[in-house]
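Lettering of chains follows the sequences in order, A, B, ..., and the numbering in each one begins at 1.
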Amino acid sequence: MKRTPLYERHVAAGAKLVDFAGWEMPIQYSGVIDEYQTVRTAAGLFDVSHMGRFTVEGRDVLTFLQHVTTNNVGPLAVGAAQYSMVCNQTGGIKDDIFIYRLAATRFLLCVNASNREKIFSWFCAKAPQGDVRLSDESDELAQIALQGPRSPQVLRAICPAAADSLKPRHCLETDVLRTHGIVSRTGYTGEVGYELYLPSSSAKPVWDALMKAGAPVGIKPCGLGSRDLLRLEVGYLLYGNDIDEQTTPLEASAAFAVDFTKGEFIGSQALHGQQAKGPAKRLVGFELLEKGVPRHGMKILADGQDIGLVSSGNLSPRLQKGIGLGYVPAKLSEPGTPIQIDIRGRVHPAVVVKLPFYQRTKA
Amino acid sequence: MEPNDLRYHEEHEWIRVQGKQATLGISNFAQDALGDIVFIDLPKSGAAVTAGQQIGEVESTKTTSSIYTPVSGTVVKINPDLKDHPEAVNADPYGKGWMAVIEMSDPAQIDKLMTAAQYESFLASQKK
């Protein structure tokens, strides 16, 4: 198994390590719920170096990105970031990604760990003739996520420039502890937070500095378990669970990441066709009406008929209810629609709800 | 160290015997492996159960795990506190985290279960 530059920190902190997409990653340190609460109320630190990081630059980079991603990169200002998808010709999702515009013709792309090789090869195959230089920087760069309402003051201690200037979904190339890095105000938790992209050799000193700066607010290292719970409550999609090449962005209720006005792109014809007819199935959020925990792969029923499958589920610490994401026929996707979840043979009543399940109150 | 007065099952349940009554819970190893427990589905009082049968489920933030009974009999009591405080199983698996009391129909089944020392060796062998 592969290890991130922060592996020794995880072991030293007593993390439980698991195999995640071929990486030996911390699933928890102090406990999933404790870490969850820490991120919702204070600040948590995640090692997300297992994710894939590519840089792409050159005169023809905009043409390239417009062709291989679904969102519109054109209006993205330098220093701004966007959520986007990479689709195949039939509109199936190859990956969901984040795109950061570092300069007019230079971008950083963050892709899922499990899709890193697949997407890099796909991009290489789809790069047009011309000036597009694509580089897989995943091994050279570490990635640390600092998340939670107290994260601005924690970041300020080591990178005041980013802490004071960054607006949501923006990024800044700056020095972090005297090494060049990228700090973005992005994340996967629904809280205010940052992601730091740093040379691998700086991962440990920056991690240590953030832990130290965060001590007064009770910062804790957090693992993939709490990360999954945090993202589910805000309805963020998890590749491989909620979306894959058999689902389209429109079915996944992620039409906001598809821009048909920008012209043709890979999958645009198929998606346009689906848009015109309306997708047959849609991803929705649901809540259980009695105690129980929905899980990936469980059946969704309506009036005794199988209508779809749960793609993600857990017990929401915030709502103290079973919550989940899943696919249902479009005509049953309206909030308020009664459905049922088959939890190991027992049918539990549930209801389709508007996403997200949780939204932070803005200060 | 596992408590000496209990007997253990390879599915990581424990049994405390008092006369014909067997109190059942899950071991410290099991609660630790599951992580934060958020919901426990227990059988109803009065249910007839057979040794080896799945009688309930433990849901944690990470996964779902079955609860098996290592003894046959009738469920005479379940822990009412676990409905609102399933985390008691994490905090005190051998005490406040008990799950059910079974009136045994065949107390000799206890003899097949592991002692604390045997269970510790079993855990050690599982790690390899």
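Interface residue Ile27(A): only side-chain heavy atoms are found under 4.5 Å from chain B. For Asp34(A), the part lying under 4.5 angstrom from a heavy atom of chain B is the backbone only. With a threshold of 4.5 angstrom between heavy atoms, Ser60(B) approaches chain A through N, CA, C or O but not through any side-chain atom. For Glu87(B), no part sits under 4.5 Å from any heavy atom of chain A, backbone or side chain. Contact annotation for Asp84(B): neither backbone nor side-chain heavy atoms come within less than 4.5 Å of a heavy atom of chain A.
Asn112(A) and Ser114(A) share no side-chain donor-acceptor pair at under 3.5 Å. Inspection of the Ser27(B) and Glu2(B) side chains reveals no N or O donor paired with an N or O acceptor under 3.5 Å. A donor-acceptor contact under 3.5 angstrom links the side chains of Thr186(A) and Glu195(A), judged on distance only. Between the side chains of Gln28(A) and Lys62(B), a donor-acceptor pair is found at a separation under 3.5 Å. With no hydrogens or angles considered, a side-chain donor-acceptor pair links Glu191(A) and Tyr358(A) at under 3.5 Å.
With a 6.0 Å cutoff to the six-membered ring centre and a 45° limit on the axis angle, Lys291(A) does not count as a cation-pi contact of Phe39(B).
Salt bridge annotation for Asp41(B)-Arg344(A): absent, with no cationic side-chain nitrogen under 4.0 angstrom from a carboxylate oxygen.
Ring-centre distance between Tyr119(B) and His9(B): not below the 6.0 Å cut-off.
Of residues 310-323 of chain A, those residues with a non-hydrogen atom less than 4.5 Å from any non-hydrogen atom of chain B are, in numerical order, Asn314(A), Leu315(A).
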